[in-house]
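Every chain is numbered from 1, with letters handed out A, B, ... down the list of sequences.
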Amino acid sequence: MDDYDPQVTEEKWQRVWEDEAAFVTPKSKPGALPDEKYYLLEMLPYPSGRLHVGHVRNYTIVDVLGHFWRRRGRHVLRPMGWDAFGLPAENAAIREAGHPRLITERNIASIREQMKRIGWAIDWTREISSHTPEYYRWTQWLFLRFFEAGQAYRKEAPVKWCPKDQTVLANEQVIDGRCERCGTEVESKSLEQWFYRYTDYAQQMLDDMELLESWPERVLTMQRNWIGRSEGADILFRVEGSEVDVEVFTTRPDTLFGATFFVLAPEHPLVAELVQGQPEQTEVLEYVRRTAARTVVEREQKEKDGVFTGRHAVNPATGEPIPIWVADYVLMDYGTGAIMAVPAHDERDFGFAERYNLTVRPVVAPAEGEPAAEGAFAAHSESERLVDSGEFTGMAAPDGAKAIVSWLEGKSLARAAVRYRLRDWLLSRQRYWGCPIPVVHCERCGIVAVPDDELPVLLPEVDDYTPRGKAPLAAAPDEWLHAPCPGCGEMATREVDTMDTFVDSSWYFLRYCDPRNDEAPFERGVIDYWLPVDQYIGGVEHAVMHLLYARYFCKVMNDLGLVGFREPFPRMFNHGWVHMGGAKMSKSKGTSVGPDDYVAEHGADALRLYVLFVGPADQAVDWNDSGLEGMARFLRRLWRVAHEQAEHPGMDAVSDTPLVRKTHATIAKVSDDIARRFAMNTQIAAVMELVNEIARSPDDPGARFAAETAVSLIQPSAPHIAEELWERLGHERLWEQSWPEADPSLLERETVEVVVQVNGRIRDRLHVAPNLPEEELVALARASDRVRAFMDGAEATRTVVVPGRLVNFVI
RNA sequence: GCCGGGGUGGCGGAAACGGUGAGACGCGCCUGCCUUAAAAGCAGGUGUCCCUUCGCGGGACGUGUGGGUUCGACUCCCACCCCCGGCACCA
């Protein structure tokens with residue numbers, strides 16, 4: 001027996017797989033049934049330079065599933081590609097005076113090489129990259145379909161602006177008031193920008209969660225929170241001494257009689273008009289100006305204040321004039337930017353009223369004899385009743401809410417309303433390295449779409465990528481910047497903003513199915529075969545960004561007849577990241593450990609096993625390589641055991657030995673761990689147990705069968721060594737062999753150990769046949785000397801029997 | 001504050017349904033074999049405490065803390081402590 005040399009073995013099999021196109025998936029299998037396919041998808045990676053062991057863990061989890069389902073007879077699609085546009089490459093280009101394309105492509109080449117060395121079963125013929133014109137042509141094409149459908153539109157709106165990256169951000173990209181990428185406090189600016197109208201789909205996103213058969217509960221919760229549905233009413237307030245009505249949204253219309261003042265957001269368009277000519281005008285406008293100068297974080301953290309406008313609104317329920325204030329705790333971009341303030345029943349309103357000595361009037365109270373609700377501002381409940389609320393006094397709060405709304409509805413002053421926290425998706429970016437937005441601005445025709453046959457609008461070369469608040473493309477050469485308007489033929493100017501990279505990753509999973517199509521983004525029939533994705537895998541950090549965007553994209557495409565499904569990823573699994581020093585490994589933070597040294601020392605198989613073995617696949621782990629040696633040890637042991645057994649003849653018939661039974665139990669355990677539980681750590685432990693067992697009884701007649709099975713079961717996790725040993729055991733192409741099946745008749749142990757307890761304490765053990773009748777078992781247990789000693793002559797008042805497990809005498 | 005998830009040996013982590021022996025598997029550590037020696041490998045041991053005729057053996061305690069349900073609880077219920085993640089001016 002030669003020594004196990006992972007370098008030799010791994011190189012050999014990687015070449016064989018490549019030569020035989022082992023993991024290349026044909027376009028679609030003619031006549032194949034949909035349930036024979038298995039579309040296995042990992043979230044599109046950003047090519048950030050080099051892989052770290054966190055990536056190795058994630059992709060190896062995917063790889064195990066791919067091998068497993070392929071050997072279970074599924075037609076597996078397992079592609080790879082690159083989310084190649086985006087700020088890091090552009091910033092690196094500015095820093096190093098390089099070109100983002102060259103930097104990106106260099107990174108891709110380097111990562112691809114690492115991936116191949118680890119031996120993942122990827123279909124590289126389907127590789128795609130979002131920065132290539134072949135890909136972004138179709139990103140643009142889809143944009144135009146959305147544009148025609150009114151789903152892509154331009155508007156002036158307050159937007160989040162990152163002063164460091166010099167670009168606008170989507171709401172999802174603002175974390176705690178800071179830019180998700182660089183941590184800079186974001187500012188609020190009013191700018192004209194491109195949006196996808198995904199608030200149209202807010203309700204469907206909620207409703208269609210029913211179609212998501214297997215998603216982590218926390219992701220669904222995060223999406224629900226993000227969409228933020230609330231039910232209530234829109235109510236009109238007349239401004240005293242004018243014809244102006246201001247609309248507010250409230251979730252507590254039952255408290256309308258307690259609305260004792262009225263607040264406008266500083267950005268509310270009515271503010272200037274209301275204070276025109278008032279003595280308070282200067283002070284109010286100064287307040288508005290000061291608020292506008294603050295960053296989002298400053299505004300959120302400062303103590304809330306406000307100014308009185310000198311004007312009053314009329315409470316539509318009481319007819320009473322209430323003062324109108326402008327205050328920074330009211331936000332322009334939720335609801336209507338104006339609120340009715342009910343200080344008795346809202347914590348924020350109460351704080352404000354206290355500060356400025358405004359009237360507090362309770363209008364909801366616990367019912368007679370009921371204790372006051374926990375906390376002064378708890379949500380209303382059946383047990384609370386309206387007080388001091390005119391004709392509604394005495395009604396239960398929820399009923400009162402309905403009654404007040406329909407009363408005002410009759411006077412056209414209110415209507416039931418649902419609001420969402422979700423804002424439209426801001427998709428334009430004032431940066432270079434992204435997909436150009438394919439429209440022109442024409443003085444005569446306005447915004448005009450570039451015709452499909454002129455796509456792609458190529459990203460032009462520019463001299464300077466540095467963001468200066470204006471898109472770098474504004475400085476593109478004239479021959480790019482100016483183009484004839486497709487409408488009137490006059491010279492028009494191209495759109496200079498580029499798209500958010502989340503647009504690129506909202507449809508890539510469709511392109512994988514038909515990656516070289518140059519007539520359409522994809523062929524409908526191919527999509528119908530492969531989609532929806534059978535298993536989607538990625539980090540939880542995309543719970544409210546990528547996953548919501550991609551869901552939205554599919555809904556619109558479905559409405560446009562481009563695809564035949566409403567949810568792309570019915571089954572989602574979140575892997576846990578590998579951490580270092582308590583945080584996710586990250587190249588940019590310098591907390592990153594690459595796979596290369598480990599692969600050079602112990603081989604890819606040992607590393608693959610180790611990253612699977614460190615812990616449950618959905619949990620984060622802190623990186624610690626001390627156990628890697630143990631995996632190498634296991635592989636050498638497997639090597640030795642397999643070679644020993646290769647000397648033994650194969651079994652003709654199925655013998656029934658303890659080792660054979662153990663082997664069948666292992667098949668069952670490994671299969672269930674992979675297919676149902678995603679328990680990659682325990683499936684490996686199970687194979688280790690089996691190998692230990694073979695080493696202990698090498699002359700068992702079932703030993704060769706056990707060894708071959710162990711090799712077969714470890715193949716998804718350690719494919720190179722498995723392939724080599726399989727060959728040395730006299731077989732071929734393990735990756736094509738069907739997955740072993742456990743024989744149910746051999747799953748049961750021949751004898752089981754039954755515990756005999758007296759009062760719940762173990763006093764003896766019996767070895768009996770698993771199907772021994774209960775009476776016999778009890779008789780046997782009662783006959784035990786040790787049991788008799790502890791029973792001390794007493795009779796059991798109760799006997800508990802768990803067949804095959806235990807007998808418990810209670811005295 | 002609200003909503004999730006979690007606290008098990010020196011370490012990473014195992015234990016569908018409440019049903020033996022908690023601690024699989026691996027790391028680390030200890031002892032022995034092999035070796036001139038080391039590495040590798042192999043065999044065995046390894047929760048805490050106690051009794052022991054030291055050969056087996058036996059007992060008590062032990063899954064964050066305190067209660068509870070049950071013949072029986074890592075698993076169920078109540079209260080509390082701690083850690084991780086998400087949300088948090090959304091009217």
As a test of reading the structure: which of [options] is closest to the side chain of [X], going by heavy atoms?
X	options	result
A:Ala685	B:A24, B:G19, B:G86	B:A24
A:Arg636	B:G4, B:A24, B:G41	B:G41
A:Arg299	B:C27, B:C89, B:C25	B:C89
A:Arg633	B:A91, B:C25, B:G41	B:G41

Does [N] have OP1 or OP2 under 4.0 Å away from a side-chain N or O of [X]?
X	N	value
A:Asn692	B:G26	yes
A:Arg640	B:C42	yes
A:Arg637	B:G41	no
A:Arg421	B:A91	no

Nucleotide B:G26, atom C1' - distance to CD of A:Glu689 in whole Å: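 So the two atoms are 12 Å apart, to the nearest Å.
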Test: A:Glu689 and A:Arg696 ion pair at under 4.0 Å: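 Salt bridge flag = no for A:Arg696 with A:Glu689.
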Short N-O contact, A:Arg419 and A:Asp234, less than 4.0 angstrom: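 Looking at A:Arg419 and A:Asp234, the cut-off is met.
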From A:Arg299, A:Lys302, A:Lys304, residue fulfilling side-chain hydrogen bond (donor to acceptor under 3.5 Å, both in side chains) relative to A:Asp328: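 In the set A:Arg299, A:Lys302, A:Lys304, the residue that makes a side-chain hydrogen bond (donor to acceptor under 3.5 Å, both in side chains) with A:Asp328 is A:Lys302.
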Could you list the protein-to-nucleotides 8-13 of chain B atom pairs, N/O on both sides, closer than 3.5 Å?
| residue | atom | partner | partner atom | Å |
| --- | --- | --- | --- | --- |
| B:G12 | O2' | A:Val614 | O | 2.6 |
| B:G13 | O3' | A:Asn681 | ND2 | 3.4 |

Rounded to the nearest 0.5 Å, what separates atom [atom1] in [X] from atom [atom2] in [Y]?
X	Y	atom1	atom2	result
A:Ile694	A:Thr709	CD1	OG1	8.0 Å
A:Ile61	A:Met680	CD1	CE	6.5 Å
A:Glu180	A:Lys160	CD	NZ	14.0 Å

Involving RNA chain B, stems made of at least three consecutive Watson-Crick or G-U pairs, both distances under 3.5 Å: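 Expected stems, ordered by start: B:1-7 with B:81-87, B:10-12 with B:25-27, B:28-33 with B:41-46, B:47-51 with B:57-61, B:64-68 with B:76-80.
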If you measure from the [atom1] atom in [N] to the same atom in [M], how many Å do you get, rounded?
N	M	atom1	answer
B:C74	B:A22	P	10 Å
B:G9	B:G47	P	13 Å
B:C11	B:U63	P	16 Å
B:G1	B:C76	C1'	29 Å

Test applied, side-chain contact (heavy atoms from CB on, under 4.5 Å); reference residue, A:Val330; option that passes from A:Leu264, A:Thr336, A:Val263, A:Val248: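 Of all the options given, the one that passes is A:Val263.
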Check: A:Asn225 side chain, B:C87 base, donor-acceptor under 3.5 Å: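 There is none.
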Within the 6.0 Å centroid threshold, strictly below: A:Phe261 and A:Phe352: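 Close enough - the centres of the two rings lie under 6.0 Å apart.
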Polar side chain donor-acceptor pair, A:Arg421 to A:Asn225, under 3.5 angstrom: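 On atom types as modelled, these side chains do not qualify, holding no pair under 3.5 Å.
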